[in-house]
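Contents: one structure, followed by commentary.
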Amino acid sequence: MTAERAAPPSRIFLIVTLLVVLVFTALRLTTAVNLDLRSDEAYYWTWSHQAPLSFLDQPPMVAWFERFGQLCFGDTALGARFAQILALPLIELILADIARRRTRRWNAALFVVLAMECALNYGFFAIVIEPSAALLLFTSLILWALCRLDETGDARWWLLVGAAGGLALLSKYIVLLIAPALLLYLLLRPGQRRWLRTPWPYAAIGLALLLFSPVLAWNAQHGWASFAFQSVRLGSGEPPSLGGAMRFVMYESLFAGPVLLVAAVVAASATAVGYVRGRKPAYELMLAAAFLVPILFLFWRSFTLLINQSWAWFVWPIGLLTLAIALPWDRARLRIAGLLVLIGAPGLLVNGALFYHVLWDTSVWGGAGDPIGQDAGFGEMAQAVLSEAKANGAGWIATSDYRTYANLQWHIGKDIPVLQVNERARFLDFAPRDPARFTGRALYVHQGAATPVLADATLTGLPNLPVSWRGVTMQTMQVDLLDGFTPELSPPPGSAAYVWKY
């Protein structure tokens, strides 16, 4: 399964794929420059200016990605997003090379790249900073290293498996959902079980844990706070609801594409059946399991837990890779071409429409539900907050949710101190804040009821401020003058100002 023996690509297929990649990459870079940071992106941006070993919500890789981009393009939206945009073609190259090696077909490699570009998750939303992008990069590297191990039998590839595994753990804990697939690869065949009698898999585990040790050390110092925060994913959640599962399927169909969703699940299932019948190798079973186990787990959890769309972000390209390898490239070219058209045509149209909406359109689709505008418009609101603070003699800004805090910090944090007064566990080991800057009158900006942390403070209501995008109000922020309150900058665990809301 070497590059020299791979069947050459279709010229038209190659040209179309390269054209889509080049155009979409240019559009992603242009959009990254012109689209203001979303709320979660601004939150991760605040991390990138800090140096703790880990964070309450996630391991530190997303902050390191942002810092890398800022070294290249400064403290700008493009700087924050650049590393993630760069990661996407690297992911596509790694997965495409696996497809080429397993099928001996360059067309299979091109299929992976083009289908990823056509999926909404990757074609357009790859510009939005997300810890899963780094996770997918290093998970792809794990699968590529195991592919090379399977080809060559060279034990040294285990070291790359371990290094990539450690970096994946530094990206997002959910990578543990592919561990059953790796165990299957090791245990089901005698040829793979022989590795357990060598030091190499254990060296890989040791290397992964060594790289992950900063996160372990941070958690040990802080009562395993990050693991406790993420444990809700494993808990019982709400009472079972069919609506939650239907929402999960609907959202995955939207962001991965309905045809790709069905085709990937069918291909992975067929690969598992093929292995049982002796027609598929252990490596391909591992790929199928690396896709099916996380997807089935998230589907099961969706009955009792609201599943964030980003949680499955790293899984669908593995399903796509499984599909590309399972397709009968030597005898069904027309059917494969038809499948690609069904995946690609709607994907290109939807992605293209969103790029147009951001870069050239001036309208708002669906009012407050606009796919771009619903998390936009904070720049003008932040300037209005700054004006209100100056007009009312407020020396700092208080918030009580991380999204509002992050948006205000991104837009006006250099002009006036901004502080989230509750959930201070989100800011463990951040650079110390000067208590003198958080005395006297503040302006409290929030949505909904005031946080209980402010129960003994005096709140005086001011007119609400709209968060508007292209002249349409997307949401409304409540604004109060805050008097008689001194925030706890470093509260102890268990205090009202420390605890977080899942």
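- A donor-acceptor contact closer than 3.5 angstrom links the side chains of Q309 and N121.
- The aromatic rings of F255 and Y251 lie parallel to each other, with less than 30° between the two planes, well short of the 60° mark.
- Sequence neighbours left out, the pairs with a member in residues 83-98 that pass salt bridge (Lys or Arg N to Asp or Glu O under 4.0 Å) are D97-R100, D97-R101.
- The side-chain heavy atoms of L182 and Y185, taken from C-beta on, include no pair separated by under 4.5 Å.
- Between F297 and W300, the ring-plane angle classifies as tilted under the 30° and 60° cut-offs.
- Of the N and O atoms on the side chains of W410 and E41, not one donor lies less than 3.5 Å from an acceptor on the other residue.
- At a cut-off of 3.5 Å, with distance as the only test, no side-chain donor of E284 or T322 sits close to an acceptor on the other residue.
- When each of F125, Y122, F291, W311 is tested with W316 by the rule ring pair (Phe, Tyr, Trp, His ring centres under 6.0 Å), just one qualifies, namely F291.
- Side-chain N/O atoms of D401 and T404 include a donor and acceptor closer than 3.5 Å.
- Among residue pairs with one or both ends in residues 115-131, those qualifying as salt bridge (Lys or Arg N to Asp or Glu O under 4.0 Å) are R28-E117, E130-K172; sequence neighbours excluded.
- The closest side-chain donor-acceptor pair between D429 and W218 falls under 3.5 angstrom.
- Taking 4.5 Å as the limit, some side-chain heavy atom of L86 sits within range of a side-chain heavy atom of F68.
- Note: Y43 and W47 meet the aromatic proximity criterion, with ring centroids under 6.0 Å apart.
- Contact of the T76 side chain with the F82 side chain is not registered, since no non-hydrogen atoms from C-beta on lie closer than 4.5 Å.
- Aromatic ring centroids of F427 and Y405 lie under 6.0 Å apart.
- Donor-acceptor pairing under 3.5 Å is lacking for the side chains of Y402 and T46.
- Looking at V358 and L27, their side chains never come closer than 4.5 Å, going by heavy atoms from C-beta outward.
- Using a 4.0 Å cut-off between a side-chain N of Lys or Arg and a carboxylate O of Asp or Glu, R403 and D40 qualify as a salt bridge.
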